[in-house]
Amino acid sequence: MKDVRRARVSIALVFAVHGAVTGTFVTRIPWIQDHLGLSPGRLGLALVLPAVGASLAMPLAGRIVHRYGERAAVRWLLTLWCLSLALPALAPNLVTLCLALFVYGATAGMADVAMNAQGVEVEERLGRSIMSGLHGMWSLGGLVASGFGVLAAHQQTDARVQFAVTAAVLALLAQPVCAGLLDVRPAADEEAPPRFTLPPRAALTIGLVGFCAVFAEGASMDWSGVYLRDVTGSSAGTAAACYSAFAATMAVARLAGDAVVRRLGPVRTVRLGGATAAVGGLLVVLAGTPYVAIPGFALIGIGIAVVVPLAFAAAGRAGSNPSRSIAGVATITYTSGLVAPAIVGGIAQASSLTVSFAVVAVLAAALVPSAGALRHRRPAQREQVPGLEPAA
């Protein structure tokens, strides 16, 4: 158990490092836009590429994990993800920016799959829920890194310098952080997963649960500020603060979520979360002032916070190859995050933002009946590394 507890600390730090890369990048997007002179439409096109790269590359992660083992896969995929942070700021034009963001997203997605597979393994050996807390560490890492990014932007630091230094520091940090991970390898007779494949059937129903949650998350993250400004008539400062409040509530809910999961179980937790998020969506729809809309968005964040971590945990237990199942669920959820802002915008264009968030409320409510897909299944047996047998 000493090695398992060490692995728990290591994988928590891995999630924090992964989140720190994202937190660093998002704070300097305005610098990239100004540096390349991009219109909002062209910038929006470029920002689609990380999700595209992640969705296409995620199926490869299962094969990498199968060949090299989880510890080595996490170490080198996380290192590549950290180093890819330097690429977007170096792009001289829109085309190269799109290519850089594609690579950035591809390495992010593969590292995401590998580290979630390790998280599921550690959770199984500990015998209690930790996945929500791990994703909370991701959010915390992003929030801390975004603080440094805001400071760098305030000091008018060139993003090329900031990204290069941050990428090098995080890549070096990834080496000792990953040293304590479990060296999980497939059984000797286990067949390698294909390089590219559709998500396995077991992952589809779990992925749909994640789809609903990530849709609500993506819609709220990208459109909450616009909703407050255009629908409730809030000031620009209040509208901008809404996202920070939403992100903070999600981080806190994820860090506290494991205690709730241990008490209620994953199915009842997701049902309670879905009901909470649906109430939040209803408040947003009915809001006439920011003082009603902001609590509504906060309830959405609290309600959906633990759904994706629990979906990844369920995927890791759903089949004989956890990384492949997690890749399938991750592909579906990343697709949801990709299409959600566009669908919300399309519905708003055809009717109104209020109608768009009525759809968000309905999808949140759909978590209540669909949560049964996350019911605990007995994990398939894999080869154990000597000295790292599961605890009784």
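Hydrogens, waters and symmetry mates are skipped; everything else that's a heavy atom, side chains included, is used. Note that the numbering runs from 1 along the sequence shown for the chain.
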Between Thr22 and Gly142 (side chain of the first, backbone of the second, donor and acceptor by atom type, cut-off under 3.5 Å), is there such a pair? no
Considering the options Met115, Glu123, Met131, which one meets the side-chain contact (heavy atoms from CB on, under 4.5 Å) requirement together with Phe312? Met131
For residues Ile302 and Thr249, report the shortest heavy-atom separation together with the two atoms involved. CG1-CB, 4.1 Å
Check: Gly265 main-chain N/O paired with Thr269 side-chain donor or acceptor under 3.5 Å: yes
Ile300 and Gly281: which non-hydrogen atoms are nearest, and at how many Å? CG1-N, 3.7 Å
Sidechain-backbone polar pair: Ser356 side chain, Val344 backbone, donor-acceptor under 3.5 Å: yes
I need the minimum non-hydrogen distance between Val4 and Leu182, along with the two atoms involved. CA-CD2, 4.5 Å
Would Arg63 and Tyr68 count as a side chain to side chain contact (heavy atoms under 4.5 Å, CB included) if you check the C-alpha gap in whole Å, the side-chain angles of each, and the deciding distance to 0.1 Å? CA-CA 9 Å; Arg63 195 171 183 91; Tyr68 299 105; over 6 Å; no
Heavy-atom closest pair (Arg28 atom, Ala159 atom, distance to 0.1 Å) is NH1-CA, 4.0 Å
Return yes if some donor-acceptor pair links the side-chain N/O of Glu121 with the main-chain N/O of Ala117 below 3.5 Å, else return no. no
Whether over 12 other heavy atoms sit under 6.0 Å from Arg128 CZ: yes
4.5 Å side-chain heavy-atom contact, Val355 and Ser352: yes
Is there a donor-acceptor contact under 3.5 Å linking the side chains of Thr107 and Ser84? yes
If I compare all heavy atoms of Ala371 with all of Arg271, which pair ends up nearest, and what's the gap? CB-CG, 3.6 Å
Over 60° means perpendicular and under 30° means parallel, so classify the ring planes of Tyr104 and Trp81, tilted if in between. tilted
Would Leu255 end up clustered with Leu299 when hydrophobic side chains under 4.5 Å apart are linked, directly or stepwise? no
Measure from the side-chain N and O atoms of Thr96 to the backbone N and O of Asn93, and report whether any donor-acceptor pair falls under 3.5 Å. yes
Does any non-hydrogen side-chain atom of Arg254 lie less than 4.5 Å from one of Met250? yes
Donor-acceptor pair, side chain of Tyr227 and main chain of Ala293, under 3.5 angstrom: no
Stepwise, does the side chain to side chain contact (heavy atoms under 4.5 Å, CB included) test hold for Ile343 with Phe215? CA-CA 10 Å; Ile343 291 177; Phe215 191 101; 3.8 Å; yes
Are Ile304 and Val252 co-members of a hydrophobic cluster defined by side-chain heavy atoms under 4.5 Å apart? no
Beyond-backbone contact of Asp112 with Trp138, side-chain heavy atoms, under 4.5 angstrom: no
Backbone N/O of Leu181 and side chain of Arg71: donor-acceptor pair under 3.5 Å: yes
Over all heavy atoms of both residues, which pair between Gly257 and Val306 is shortest? Give the atoms and the distance, please. CA-CG1, 3.9 Å
Using only atom types and a distance under 3.5 Å, with no angle test, would you say the side chain of Arg8 pairs donor to acceptor with the backbone of Val122? no
Would a distance-only check, ignoring hydrogens and angles, find a side-chain to backbone donor-acceptor pair under 3.5 Å from Thr333 to Phe211? no
Going by atom types alone, do Ser132 and Asp258 pair a side-chain donor with an acceptor below 3.5 Å? no
When you measure from the side chain of Arg42 to the backbone of Leu38, do you find a donor-acceptor pair of N or O atoms at a distance under 3.5 Å? no
